[in-house]
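A quick write-up on the structure given underneath.
Order of the sequence lines sets the chain letters (A, B, ...), proteins ahead of strands, with each chain counted from 1. Note that the structure is predicted; figures quoted are calculated from it, not measured. Keep in mind that the numbers below use all heavy atoms, side chains included, and drop hydrogens, waters and symmetry copies.
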4 protein chains.
Amino acid sequence: MIADIDGNASVSNATGKPLTKRGEATRTRLLEAAEVVFAEQGYHEASIVKITERAGIGLGTFYLYFDSKQSIFEALVIDLNRRVRHSMAEAMAGTSDRIAAERAGFAGFFRFTAQHPALYRVVREAEFVSPEVLKLHYTRIVEGYEAGLARAKESGDIDRRLDPEVTAWALMGMGELIGMRFLLWERDENGLPPAQLDERVFTAMTQMIDNALAPRREGNHDD
Amino acid sequence: MIADIDGNASVSNATGKPLTKRGEATRTRLLEAAEVVFAEQGYHEASIVKITERAGIGLGTFYLYFDSKQSIFEALVIDLNRRVRHSMAEAMAGTSDRIAAERAGFAGFFRFTAQHPALYRVVREAEFVSPEVLKLHYTRIVEGYEAGLARAKESGDIDRRLDPEVTAWALMGMGELIGMRFLLWERDENGLPPAQLDERVFTAMTQMIDNALAPRREGNHDD
Amino acid sequence: MIADIDGNASVSNATGKPLTKRGEATRTRLLEAAEVVFAEQGYHEASIVKITERAGIGLGTFYLYFDSKQSIFEALVIDLNRRVRHSMAEAMAGTSDRIAAERAGFAGFFRFTAQHPALYRVVREAEFVSPEVLKLHYTRIVEGYEAGLARAKESGDIDRRLDPEVTAWALMGMGELIGMRFLLWERDENGLPPAQLDERVFTAMTQMIDNALAPRREGNHDD
Amino acid sequence: MIADIDGNASVSNATGKPLTKRGEATRTRLLEAAEVVFAEQGYHEASIVKITERAGIGLGTFYLYFDSKQSIFEALVIDLNRRVRHSMAEAMAGTSDRIAAERAGFAGFFRFTAQHPALYRVVREAEFVSPEVLKLHYTRIVEGYEAGLARAKESGDIDRRLDPEVTAWALMGMGELIGMRFLLWERDENGLPPAQLDERVFTAMTQMIDNALAPRREGNHDD
DNA sequence: AATGAATGAGAATTCATTCAT
DNA sequence: GATGAATGAATTCTCATTCAT
C-alpha cells in the first residue's frame, strides 16, 4: 500500500493510528536513517537493523511505524519525489517563456541530483523494488511538464506539432540519462562526484532541447 | 572481471579453461535459463537453484561455468547488449541520411524491447547489480551513435552546433524512458504488453528528434 | 580474536554487547551443547545445526552469540583449559614437597582426562582448528609448572641442573601421550574407557619423573 | 582399510590389482603431490582436485589408485612413519650404550621434524582423521624404543625399576611436545622455522632423560 | 589407463519479522 | 511506546565421488 503522495505521510503509524508528538519524532528519525542507509548501500544491502541502529532506536520499534522494509523504502521515494519536484519548481519560478522554464527545470533537477547522487540512485532502484512507486514518481514529474508544454503549445511558445505527453517523457529520459552519465558516473581526480553538471554538457543539452521545442517557421523542411 | 563484450564470451568456464563441446552446450543452457529466470523474477528473486532447475542441470554444475550469480548476470547483460545492438544495426542498415538512420535505430531498439520487455528490464537492473557492466552496455551503444552523429555533423546532415557525445546520451535517454513508459508499463485490456510501440508515440518522438537534429538555416533565432 | 582466557568469557555476545540474563542462559546452553557435539563428533563432523538442535535453540540464534563454528570452538577450549587447570590445582593443593606436588598435578590431569576423554581430544584438535588457542592452552598450563620447578630448584627440592622451561614442556608431553595411550585408547571388555589411569602405569610414570627431578648427590656420574 | 605398514604399499591400485610400471609412476606422483598439499593446507583444506592438479593428472585418475581422500592420507602417514623411523634408526646406529642411543634417537626425530615441520603436523592430524593409523604410527615407534629399554634394563644400563612400556610412551610424549613447542612454534626474526632444535633445549632435555633413565646406586633415597 | 563433466548432499550464514517482556 | 532475543526459511557455495567417453 502506497501512502498518499502529497499528504502528510507522517501522521500515522503502521496500523494507521495517528501519532503522538514523540511517535512522530521517532518516525522521522527512522526515515532519516533509511535515507542514509539506502543511499549508501542500496535496497538489498540495507537492512532493518542497520536502519534502526543508525536511528538509535530498538529493532522492534521499526514495526510500530512501518509494515516492512519495502514500505519504508516507498515512503522514502515519495519523500524524495517531493524534494526533487520542489527543487525543480523553485528553479522554474519566475521564468518567463517556456524554453527558459525548461532550462530552469533541468537545472533544478541536476542540482538535486548533484547534491544527492546516491539518493537519486535510490529513486531509480524503485523500478525493481516497487514499480508502482516509481510510476508515481515519474508520473508526478511528467504531469507538470506536460501541462506546461500543452500551454506553451497553445500560446505558440513551442512547436505546434509536438505531442506534450510524449515530449515530456522524452525530456525526462534525457535528463535522467544525462544525469546518470555526467553526474553519477563522473568522478574528479579525487574520486569525488562533481558538485554540479559540467557547463559544457548543460549547454549542449540545452541547445538540443531548444532545437527540439522551438516553434518552426512556416515552410520548414520537415513534413 | 567482465568478459570482453564482443569476443566469444562462451569459450571458457569459471576457471578460464576452454570448453569442450559438451561444456559449451551446458553453458548455453545455463545462460538461456538465466535469461528466463532473471527476466521473470528480477535479480534478487532469482536464485541459482531456480536457474539450474530450469536448465535441467545439477546445482553444482553451475559453478563449473560461472563464479556466482552476479557473474552469470553479467554474462547475460553482455549477451543482451549484443542482441540489442544487432537489432539496431539491422534496422539502420541501408538507410540513406542521418535522420532516417536515427529513426531506424530507435525502431530497432523498440522492436527488441517490445519483443523482450522483461529482458530489457534486466539490463536496467544492472545499474544496481553490476554498475560496471551497465556502463559497458550504454557506452557501447552510445559509441556507435556518437560516431554517426559526428559524421553527420561534418556532412551537414545535422545541426552543426550539436555536441555529438551529449546528444548521443540524450537520445539514448529518450529511447529508454519512452520505452519504459510506453512499452514496459503499457498493457492492453488482457494485461498483455504491446507487440510494438504505439504508432502515435513513435511519430511524436520522431518529430521531436527531427527538430532536435535538423540542420538550421542561417539566421535562426537561436543564440 | 581470542577471548581473555580467564576473564568472564560469558558476558558478551557476538557483537560485543553485554548479555541480559536470558541471553546468558542461552549462551550457556550453546556452549554445553557444543561440548557434547564436538566431543562426540570432532570439529569437522560437528555442525552448527547439530549444536543448536542439541541446545534446543533456533539455528539463527547461534549467530547472536558466536561468530562462527570456530569461535564457539575456541570458547569451548578456553573453558576446558580452565577446568583442566582447576582439576590440577585442586589436586596439588596441600602437597608439601615438589615431587609430591608433581605427582598430584599429574593425578589431577589424568582425573580430568579420564572423566572427559572425548573432551580432552577436543583440546588436542585445536592444533588444527585454532593453533593460537592451543598455544594459549599449553602455555597457561606450563606457566604454572615452570614457576613451581624454578622455586623447587632454588630450594634444592629438585636437581639444580634442570632447566625449568624445557622440563615443564617435557613433563606436559609425557602426561599428554601417557593420557592418550592409556586413557583415550584403552577400552575394557565392554568397550568402555577406564575410569582412571591404571595404577601400574601411574606408578611407573611417577618413578620415572622422580628419577628425572630428584636432586643429585655430589659426585654423581653425570657430566 | 589400512595398507600394510611396511610392505611395499605401492604395488597395487585401489582395487588391488598389481600396477604396471606406468601406473606405479602415477601413484608415486599422487603421493608426492598429497604430501605437499596435506602439509601446506592440512587435511580438511586439502582437496582431491588440488592434489591431482599438483600431480598433473586428471581428477578421475585419482580413484584408480586410491579409494578415497582418507585412504591416500593414510598411505602418506604410513610413508612418513617409515621415514621418521629411518631418520631415528640412522641416528642411533653405532651408538654404544643405551643413554647415548636415546640421545641419538631423539636427535634423529628432531632432525626429521625440523626438516619437514608441516609434514610432521600431518602425522599429528591423523589423530582426528584416522585414529587407527595414528596408533600404528606411535606403536611402531614405541615398539623399537620399548625393546631397547627392556634390553638395557636387563644389562643394567638403565634403572631397573623402570617400566619399559610406560617409559617408552613417556619419552615419545616428551619428544613430541618439545618438538611442537621448540620446532613447530618457533620462528626466527624472518618468520622461518629453525633448521634444528636449539642446542640449549636439546641439552636440557637430554639432562632430564639421563636423570630419568640412569641406573641408581644402592642406597638412593628413592623407595 | 586416463579423463573431466556432472552431481547433490550438506555446510555456513543472513535477515525480515514476531512477540513476550 | 519501546525493546531485542528468537526464529527458520532461504541462499550461496564446496567437494568427494561417479561414470560415460
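Both tests do not hold together for D:Lys50 against D:Phe38: distance to the six-membered ring centre under 6.0 Å, angle to the ring axis within 45°.
Atoms OG and CG, from A:Ser130 and A:Leu76 in turn, are 11.5 Å apart once rounded to the nearest 0.5 Å. Distance CD/C:Glu40 to CG/C:Leu119: 11.0 Å, rounded to 0.5 Å. Interatomic distance, CG of D:Leu30 versus OG1 of D:Thr52, reported as 7.5 Å (0.5 Å rounding). In this structure, the separation between CG on A:Leu80 and NE2 on A:His137 is 8.5 Å, given to the nearest 0.5 Å.
Scored by the ring-ring contact (aromatic ring centres under 6.0 Å, His included) test, A:Tyr120 finds A:Phe109 as partners (sequence neighbours excluded).
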Fill in: Nucleotide-resolved protein contact map, nucleotides 11-21 of chain F, B/S/- at heavy-atom distance under 4.0 Å
-BBB-SBB---
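Residues C:Glu127 and D:Arg124 are paired through a salt bridge, judged by an N-O separation under 4.0 Å between the basic side chain and the carboxylate.
Going from atom CD1 of C:Ile72 over to atom P of E:dA12 covers 12 Å, rounded to whole Å. The CD-P distance, from C:Glu24 to F:dA5, rounds to 12 Å in whole Å. Atoms CD1 (C:Ile51) and C1' (E:dT13) sit 14 Å apart, rounded to a whole Å. In this structure, CZ of C:Phe66 is placed 14 Å from P of F:dA5, rounded to the nearest angstrom. To the nearest angstrom, C1' of E:dA5 lies 15 Å from CZ of B:Arg27.
Each end of the helix from E:dA2-F:dT21 to E:dT21-F:dA2 gets its own axis from five base pairs, and the two axes differ in direction by 0°, given to 10 degrees.
A close approach under 4.0 Å does occur between a side-chain nitrogen or oxygen of B:Thr26 and OP1 or OP2 of E:dA6.
The 5' end of DNA chain E is approached more closely, in terms of each residue's nearest nucleotide, by D:Gly56 than by the other of D:Gly56 and B:Gly58.
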